[in-house]
Every structure is written in C-alpha cells, then in structure tokens.
Amino acid sequence: MLVVPSSLQMGWFESPPYFSGAAEKGRDVAKVLANTAIGSLTPHKYEHMAVVHNKVKDLPKTSNLPFHLKCEVYANNFMSLIIPTLLNQVKHVANTTMYGIHSAFPPDKDYTKDAISFIKMLKGDGEFALVKNLIEFEFDGDKKNDVAGARKTRCHVGNIALVDSRRKVNVSTHPVQRI
C-alpha cells in the first residue's frame, strides 16, 4: 500500500525526505510568477506586512529601469533578494514569493498553522528590508555586502582548526575571522 499525504509538515524535524523537493517546487512557482506583469496578481493577504520598511516604501512610483531578482529556498527558508527600482516591483515579488510558498504548502484556515506564519510576519521575518539576516548571513543592501554571523564564523574557524590538526599543516584562521 502506498500512502500519499495530503499536505507536508512544516519544520526541519517533522519533514519527510521529499520536503525539500516540495519547497523547491514552491520556489519554481515563485520564479514563474515573478515573470508575470507587475500588478497582475491579486495582493496576498500578508503583502502589507512584507512592504513596511521606510526605504522600501519610499521607492519611486514610476521608472523605466528593470529590477533584478534572485529567489532561492533552503529547507523551509524562502529567500527573495531583489534590486528594485519601483515600490510595485517589491510588492510583486512579495506576492510571488508568498503564492509560491502556498503552491507547495497550502494555506491553513487556522493562521497559526499556515506555512506563512502570521506570528513570524508580525515579528518582521517576511519583511523586505535593506539589512536582513538569512541563515546566519547578514545581507546589507545599503553597503552592498554580506557578512557571516558570529556563530557561522566560529563554526568555520573550528572546522579549519580541525582540518589543520588532522593534516598537520599550518592553516591561518585569521583571514576567516575577519569575514
């Protein structure tokens, strides 16, 4: 007998092996939707919570310049990195990302069980901002750089020290600590 679940559990520990495949499918849907005309999608119920940062809200209303987008997923973390020229482009990408998530993980009537958690949105996790921490990397849109968080840096330094002790070679960790 083959059992096919009607929905996927959210979260790393509850996830069956095909969870990543479903999340990647949601990312693919988001990418396809991102190529639709700006303003062609119905605003998602959480759009207003994704576009609240002052520098995002102050983007121009009209421009002839294109925007650039990178949409990825890691486990259950959907990441849309955008270089916008218009406020409506940010709204469009917010909608496409959330619709992509809901294509793989359908919305639940109980908002506390929804894949796009209302509680996380209230905390600002789904907000488009110029500085954002994603999986221990801090991306800074003003400075145009990314920085590994302290925990990730310690992990990499520890791994290099482990390699150094096993291979009996001298590996400097000083440059890694500055990353």
Side-chain angles (χ1 to χ4, degrees), residues 8 10 12 15 18-107 114-153 155-156 175-176 178-179:
L8 298 176
M10 284 299 291
W12 188 255
S15 303
Y18 48 80
F19 178 84
S20 292
E24 289 169 7
K25 188 63 161 175
R27 177 211 51 211
D28 294 344
V29 169
K31 284 181 176 180
V32 168
L33 291 173
N35 289 319
T36 61
I38 303 289
S40 64
L41 300 172
T42 303
H44 191 277
K45 64 181 178 180
Y46 294 144
E47 175 195 280
H48 67 285
M49 298 174 89
V51 187
V52 296
H53 192 277
N54 284 337
K55 286 198 175 182
V56 172
K57 290 193 308 189
D58 291 342
L59 283 166
K61 304 283 186 248
T62 60
S63 171
N64 293 330
L65 298 172
F67 71 99
H68 302 280
L69 169 68
K70 178 75 173 167
C71 183
E72 287 300 331
V73 64
Y74 175 75
N76 63 349
N77 294 294
F78 283 74
M79 298 166 271
S80 295
L81 306 172
I82 180 174
I83 303 173
T85 58
L86 294 169
L87 174 60
N88 283 342
Q89 293 165 340
V90 179
K91 289 180 178 181
H92 184 71
V93 171
N95 288 321
T96 63
T97 303
M98 291 185 281
Y99 283 132
I101 292 169
H102 277 157
S103 73
F105 309 100
D114 196 333
I116 302 172
S117 168
F118 179 72
I119 308 302
K120 285 185 176 183
M121 293 298 289
L122 282 176
K123 290 189 328 189
D125 287 354
E127 175 186 336
F128 280 83
L130 294 179
V131 177
K132 194 76 172 181
N133 187 302
L134 299 169
I135 314 172
E136 283 295 313
F137 283 96
E138 184 174 277
F139 294 88
D140 188 324
D142 270 342
K143 294 179 184 174
K144 313 271 188 295
N145 67 3
D146 63 315
V147 179
R151 190 175 76 175
K152 188 171 282 288
T153 302
C155 177
H156 290 308
V176 175
R178 285 195 314 238
I179 291 178

| said: Show every salt bridge (Lys or Arg N to Asp or Glu O under 4.0 Å) that has at least one partner inside residues 88-99, sequence neighbours left out. | reply: none

Residues in side-chain contact (heavy atoms from CB on, under 4.5 Å) with [X], at least two apart?
{"X": "Glu127", "result": "Val52, His53, Ala129, Lys132"}
{"X": "Lys70", "result": "Glu72, Leu81"}
{"X": "Asp125", "result": "Lys120, Lys123"}
{"X": "Ile38", "result": "Phe67, Asn88, Gln89, His92"}

[atom2] on [Y] to [atom1] on [X], rounded to 0.5 Å:
{"X": "Thr96", "Y": "Phe78", "atom1": "OG1", "atom2": "CZ", "result": "11.0 Å"}
{"X": "Glu47", "Y": "Thr97", "atom1": "CD", "atom2": "OG1", "result": "11.5 Å"}
{"X": "Lys57", "Y": "Leu87", "atom1": "NZ", "atom2": "CG", "result": "9.5 Å"}
{"X": "Asp28", "Y": "Glu24", "atom1": "CG", "atom2": "CD", "result": "7.5 Å"}

| Just by distance, do the side chain of Asn95 and the backbone of His44 share a donor-acceptor pair under 3.5 Å? | yes

Taking all heavy atoms of [X] and all of [Y], pick out the closest pair and write down the distance.
{"X": "Tyr99", "Y": "Thr42", "answer": "OH-O, 2.6 Å"}
{"X": "Thr85", "Y": "Pro66", "answer": "CG2-O, 3.5 Å"}
{"X": "Val29", "Y": "Gly100", "answer": "CG1-CA, 4.1 Å"}
{"X": "Cys71", "Y": "Arg27", "answer": "O-CD, 3.4 Å"}
{"X": "Ala104", "Y": "Ala22", "answer": "CB-O, 3.2 Å"}

| said: Is the shortest side-chain heavy-atom distance between Leu69 and Ser80 below 4.5 Å? | reply: yes

| field | Lys25 atom NZ: more than 12 heavy-atom contacts under 6.0 Å | value | no

| task | Kindly write out the residues that satisfy side-chain hydrogen bond (donor to acceptor under 3.5 Å, both in side chains) with Lys55, not counting sequence neighbours, or none if the list is empty. | result | Asp142

| task | Apply side-chain contact (heavy atoms from CB on, under 4.5 Å) to the pair Lys45 and Asp114, showing each step before the final yes or no. | result | CA-CA 12 Å; Lys45 64 181 178 180; Asp114 196 333; 3.4 Å; yes

